[in-house]
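What you see below is based on every heavy atom in this structure, not just the backbone, and it leaves out hydrogens, waters and symmetry mates. Chain letters run A, B, ... following the sequence lines, proteins first, then strands; residues in each count from 1.
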There are 2 protein chains.
Amino acid sequence: MKTDIQIAQEARMLNIFQIANQLGLSDDDIEAYGKYKAKIDLNVLKKFEGKKDGKLVLVTAITPTPAGEGKSTVTVGLTQAINKLGYLSVAALREPSLGPVFGIKGGATGGGYSQVIPMEDINLHFTGDLHAIGAAHNLIAACIDNHLHSGNLLNIDINKITWKRCVDMNDRALRNVVIGLGGKANGIPRESSFQITVASEIMAALCLATSLIDLKQKIGNMIFAYDTTGKPLKISDLKIEGAATALLKEAIKPNLVQTLENTPVLIHGGPFANIAHGCNSILATKMALKLSDYTITEAGFAADLGAEKFLDIKCRKGNITPNCIVVVATIRALKHHGGAKELATENVEALKKGISNLDKHVENMKKYNVPVVVAINKFITDTDMEVNFIKEHCDRLNIPVALCEVWEKGGQGGEELAKLVLKELGSEKDNYKPLYPLNMSIEDKIKTICKEIYGASGVEFGKNAKKMLSTIKELNYGDLPVCISKTQKSLSDDPKLLGRPENFIVTINELRISAGAGFIVAMAGDIIDMPGLPKKPAAELIDIDENGKIEGLF
Amino acid sequence: MKTDIQIAQEARMLNIFQIANQLGLSDDDIEAYGKYKAKIDLNVLKKFEGKKDGKLVLVTAITPTPAGEGKSTVTVGLTQAINKLGYLSVAALREPSLGPVFGIKGGATGGGYSQVIPMEDINLHFTGDLHAIGAAHNLIAACIDNHLHSGNLLNIDINKITWKRCVDMNDRALRNVVIGLGGKANGIPRESSFQITVASEIMAALCLATSLIDLKQKIGNMIFAYDTTGKPLKISDLKIEGAATALLKEAIKPNLVQTLENTPVLIHGGPFANIAHGCNSILATKMALKLSDYTITEAGFAADLGAEKFLDIKCRKGNITPNCIVVVATIRALKHHGGAKELATENVEALKKGISNLDKHVENMKKYNVPVVVAINKFITDTDMEVNFIKEHCDRLNIPVALCEVWEKGGQGGEELAKLVLKELGSEKDNYKPLYPLNMSIEDKIKTICKEIYGASGVEFGKNAKKMLSTIKELNYGDLPVCISKTQKSLSDDPKLLGRPENFIVTINELRISAGAGFIVAMAGDIIDMPGLPKKPAAELIDIDENGKIEGLF
């Protein structure tokens, strides 16, 4: 069996100008980065202002196993399939982070015959967006410590600096550090921390920005510390939001690439799906909607995390209306939720038990008044009996369901799903509304998500969280939406509770104000924003030959 | 008076494919990064293998004042001038680091009417080379700490890890840090440090590599620590030289841009000129020699640092022959060396005293058997009397000298210098030989440089350095060239000794083996490999408007 990278390297790519032309873009609308990647000028949004938007499909998933459920693969396969049916469809995806590429999870360009290419380039640096975000973030960090070192005119409380440094690498040794050691010339000693670049608030802000100036304002509004009187200090107090934004002048432009079947893909932005909202950029999604009939996008982790944030944060901030939601399920994961240990052998009993996880996610998505479709992402080990069980289960509950074989067969393997999605879109039954209104209190917003989406019976706020609830009110941030940072391994805040947990209480330990990105982060449990490497990192398998051909990337 | 960035933004740029065509390159030989930047395929070297190399001119300088003496400006101006005279000339420059851009020094694309453009892009990220080097460097760092965390099979001595982390930012608070805090899950606590990315050995290796595979071998050979028995441990012991090199597959390709007068410039690599050799890449220089009649290149800091290393390390490793050396002098700096405090007013007396600094650098360069020319880089405040004094002084010593007004007048202001350089090149009096043979002992190599180039009366080796001298011998690294890390502010190792210091002893405190890059670093004094920001960083002046137009960069 061929590996993903072998399939990708055998593909015949079209020049990126040809891909741009498919979208009605002129050569001047894009800036090529080599022959197969390009940045799209933001003026394109203005140029196509009068054109009607296409329809928007969100791909999300059930609660995942560590290997992921193949959201990206289904997203790419579905867009390939719709193009095969004769419509213009664009996938709008997130950018991979280098950390997982060298760690355990691998890249993020789909798999099998549903991949985005050139996969090596996209997984390694791409057009430099993540590096630009890292540089802007670390410029701010250096200026904060320089301000401390230069007399601390702003009266920064050294114990209340919330701005970390970042690196686009899985590096657990940087989670807790002491910096500024070595005497007066080398800064002021203090405890600090590094996060992975995708966890930077700048990444979240870039993905929620609607223009370069909007991004500059968002960066200026970010809180980096509190002063000794408890007053929040913003990046604009350091007067460096202009410099930080200058570093992002190219990163804010969406990137254009192609699928294995030479259909267009926009890849742009990739914020964490726990401490941030986990979706690609508003600008890329808006552009895809202008340039195509059908935009297929995805959101990180399961529907309780990425999709909820897509629907309550991104769509609202971007004034974007989703028209259909696809929930990806795998038989393997549902058996896992049903308590099975051996996932490669037939086990309809476990499937029967575990399917409650799918049911809950489908129920959740229906709360947004958008048609919901289930896609069974087929693995080689799945049996007919198992597939039929899910299909019958969904039929009984009146949930449209399709078998999806895009990993094995590319677009052709996604035709059943594509036809189903097009049918739902054609019915025009969508009438998107967010889960909660913005003028609801932060406390009630959190409770609403925990009860309605996670299925919790209640919410408890820790001491610090309670204090922050009143601070947020005082500082007038009460109208922001809420971004709950929670384990992706369970619908609850306890990673061990599989299936459809009930009668549990979510504990919120801490609240953080992402005043630039524009949401309140509620921490349910300890969320690590700097992953570690496994004992044998994927980096050991990666090699390159004298012609620049890479092997071992996945 | 217009600022550099205003002049740059008013320039009419040619499409990068047109610039490539000037060099005889086809559209397929380059990969465009936007409309005005490109990477050149390494296969070009093979394609033009049979073509005779052009001539090579090195631009270096006297001991600088903090503002620099305008080497880049003269290099760019000289290449513009030679093109104006009807020959094909290419400048081969180093890439700017983000640190100085936001700190105090500004960018590195020349000034006035002798600049490389697009200056904003080149100064901010460019084609991502520095970020790629940083990522490769930090991947290795993460794998080292991951190895410690995972059982330390290699028996790394935790107190003898020489590999730092890096960031492309001036961030003094990262000079001395403690990492791995917070308990078992978060790594092993230890002291460590960050250096600025350009100080990474990977940057030095990339600049000295002759192919992708050569680079992979160099990275594999790098020593990152010693084990508990004192044996050096190499990156290849971690099995990640392939992954690190994969991250550099684009970074190893030279970048093509243009001057304000639309003449071609290669910008590639930018290692520190103290702990590394301070020159652009061998690959870019070799490519420029193949593609043009005259290649003009530069080396960091003054002739005692950058030029010495260019001549004894880079030329030797790359099998490159320099044909002429230009020593740039400014009247301001020579007055400074003569003890003047007020540099903007006429002071021939100070000039008379300070000119000994120029004399020494010229004498030094002549030791390499290559014709030497002096360029007086004219400032507005220089008087005729002062200019005439230098000219007469050089005439008396039989040193060819030219006034250079390229900052004010572009290529036209460099015609006098260009004609002089072409005359020297035409005389074919060059017969390059390095200062010392490689089979000389490391101790004697260091003594030779200190006495012959710096003018020291002797060299003292500290206790650690003495120990390392024998270690280097034992480990068979004795045949490597030497890279002395010394203050750039004086010909001696004491930054306060201006002019032409005499009767001083250089103290070597420490020796480091850069086994991958392929040289021994001898530390003369405390060299900081992580600069700091000034009280009011340049970042505060930089801004960007809604059209992406940047101001305040310099």
Asker: Taking atom NZ of Lys535(A) and atom NE2 of His149(B), what is their separation to the nearest 0.5 Å?
Answerer: 10.0 Å
Asker: Any side-chain heavy atom of His131(B) sitting closer than 4.5 Å to one from Leu130(A)?
Answerer: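 No; the side chains remain at least 4.5 Å from each other.
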Asker: Can you tell which part of Asp28(B) gets under 4.5 Å to a heavy atom of chain A, answering side chain, backbone, both or neither?
Answerer: both
Asker: Please classify the contact between Leu139(A) and chain B as side chain, backbone, both or neither, with a heavy-atom cut-off of under 4.5 Å.
Answerer: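 Looking at Leu139(A), backbone and side chain both touch chain B.
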Asker: When only pairs under 4.5 Å are counted, which of Gly187(A), Gly532(A), Gly151(A), Ala132(A) shares the most heavy-atom pairs with chain B?
Answerer: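 Most heavy-atom pairs within the cutoff with chain B belong to Ala132(A).
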Asker: Find the one option among Leu247(B), Asn547(B), Asp543(B) whose heavy-atom pairs under 4.5 Å with chain A are most numerous.
Answerer: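 Looking at each option in turn, the highest pair count goes to Leu247(B).
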Asker: Count the heavy atoms of every other residue, nucleotide or ligand shown that sit under 6.0 Å from CD of Glu191(B), and state whether that count exceeds 12.
Answerer: no
Asker: Do you know which of Lys536(A), His125(A), Lys37(A) has the most heavy-atom pairs with chain B at a distance under 4.5 angstrom?
Answerer: His125(A)
Asker: Among Ser211(A), Ala135(A), Gly128(A), which residue has the highest count of heavy-atom pairs closer than 4.5 Å to chain B?
Answerer: Ala135(A)
Asker: So what's closer than 4.5 Å to chain A heavy atoms on His147(B): side chain, backbone, both or neither?
Answerer: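 Contact with chain A is absent: no heavy atom of His147(B) under 4.5 Å.
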Asker: How far apart are the closest heavy atoms of Met169(B) and Asn138(A), and which atoms are they?
Answerer: CG-O, 3.9 Å
Asker: Given a strict heavy-atom distance threshold of 4.5 Å, which part of Lys39(B) is in contact with chain A: side chain, backbone, both, or neither?
Answerer: neither
Asker: Identify the two heavy atoms, one from Ile542(B) and one from Ala246(A), that lie closest to each other, and give their separation to 0.1 Å.
Answerer: CG2-CB, 4.0 Å
Asker: Just so I know, are the side chains of Asp145(A) and Arg172(B) near enough to count as touching, which here means a heavy-atom distance under 4.5 Å?
Answerer: no
Asker: Examine whether an atom of Ile30(A) lies under 4.5 Å from a heavy atom of chain B, and if so say whether it belongs to the side chain, the backbone or both; otherwise answer neither.
Answerer: backbone
Asker: Parallel, tilted or perpendicular: which one describes the rings of Tyr33(A) and Tyr33(B), with boundaries at 30° and 60°?
Answerer: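 Answer is tilted, since the angle falls between 30° and 60°.
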Asker: Which region of Leu238(B), side chain (C-beta onward) or backbone (N, CA, C, O), has a non-hydrogen atom less than 4.5 Å from a non-hydrogen atom of chain A, or is it both or neither?
Answerer: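 The backbone, not the side chain.
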Asker: Please report the shortest heavy-atom distance between Ala173(B) and Ile179(A), naming the atom on each side.
Answerer: O-CB, 3.3 Å
Asker: Got a donor-acceptor contact below 3.5 angstrom from the Lys35(B) side chain to the Glu31(A) backbone?
Answerer: no
Asker: Check whether any side-chain heavy atom of Glu250(A) lies under 4.5 Å from a side-chain heavy atom of Leu124(B), and answer yes or no.
Answerer: no
Asker: Given a strict heavy-atom distance threshold of 4.5 Å, which part of Leu533(B) is in contact with chain A: side chain, backbone, both, or neither?
Answerer: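 For Leu533(B), the contact with chain A is made by backbone and side chain together.
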Asker: Minimum heavy-atom separation for Gly182(B) to Asn176(A), with atom names?
Answerer: CA-ND2, 3.9 Å
Asker: Side chain, backbone, both or neither: which part of Asp545(A) has a heavy atom under 4.5 Å from chain B?
Answerer: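 Looking at Asp545(A), just its backbone touches chain B.
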Asker: Give, as side chain, backbone, both or neither, the part of Ile544(B) having an atom under 4.5 angstrom from any heavy atom of chain A.
Answerer: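 Ile544(B) touches chain A through backbone and side-chain heavy atoms alike.
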Asker: Got a donor-acceptor contact below 3.5 angstrom from the Arg175(A) side chain to the Ala185(B) backbone?
Answerer: yes
Asker: Taking Asn186(B), Ile240(B), Ile188(B), Ile528(B) one by one, which has the highest count of heavy-atom pairs under 4.5 Å against chain A?
Answerer: Asn186(B)
Asker: So Ile213(A) and Glu546(B), do their side chains get closer than 4.5 Å, heavy atoms only?
Answerer: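 Touching, per the 4.5 Å side-chain cut-off.
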Asker: Taking all non-hydrogen atoms of both residues into account, name the closest pair between Asn146(A) and Pro534(B) and its distance.
Answerer: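 Distance-wise, the nearest heavy atoms are ND2-O, 2.8 Å.
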Asker: Mind running side chain to side chain contact (heavy atoms under 4.5 Å, CB included) on Leu174(B) and Arg165(A) for me, showing each step along the way?
Answerer: CA-CA 10 Å; Leu174(B) 296 180; Arg165(A) 282 173 177 77; 3.7 Å; yes
Asker: Based on non-hydrogen pairs under 4.5 Å, which of Gly242(B), Gly548(B), Ala244(B) is most in contact with chain A?
Answerer: Gly242(B)
Asker: Top residue by heavy-atom pair count (under 4.5 Å) with chain B, among Gly552(A), Ser192(A), Ala32(A)?
Answerer: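 Among Gly552(A), Ser192(A), Ala32(A), the one with the most close pairs to chain B is Ala32(A).
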Asker: Looking at Glu540(B), I'd like to know if its CD atom is crowded, meaning that more than 12 non-hydrogen atoms belonging to other residues, nucleotides or ligands lie closer than 6.0 Å.
Answerer: yes
Asker: Please flag which part of Asp214(B) lies under 4.5 Å from any non-hydrogen atom of chain A: side chain, backbone, both or neither.
Answerer: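 For Asp214(B), no heavy atom lies under 4.5 Å from chain A.
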Asker: Measure Thr245(A) against the heavy atoms of chain B and call it side chain, backbone, both or neither at under 4.5 Å.
Answerer: both
Asker: Could you tell me which of Met530(B), Glu241(B), Lys239(B) has the largest number of non-hydrogen atom pairs under 4.5 Å with chain A?
Answerer: Lys239(B)
Asker: Tell me, for Arg190(B) versus chain A, whether the close heavy atoms (under 4.5 Å) come from the side chain, the backbone, both or neither.
Answerer: neither
Asker: Looking at Lys549(B), I want to see if its NZ is surrounded by more than 12 non-hydrogen atoms of other residues, nucleotides or ligands under 6.0 Å.
Answerer: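 Atom NZ in Lys549(B) is not packed in, count stays at 12 or less.
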Asker: For the residue pair Ala539(B) and Ala243(A), what are the closest heavy atoms and their distance?
Answerer: O-CB, 3.3 Å
Asker: Just wondering, do Leu181(B) and Val177(A) contact through their side chains at under 4.5 Å, heavy atoms?
Answerer: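 No, their side chains stay 4.5 Å or more apart.
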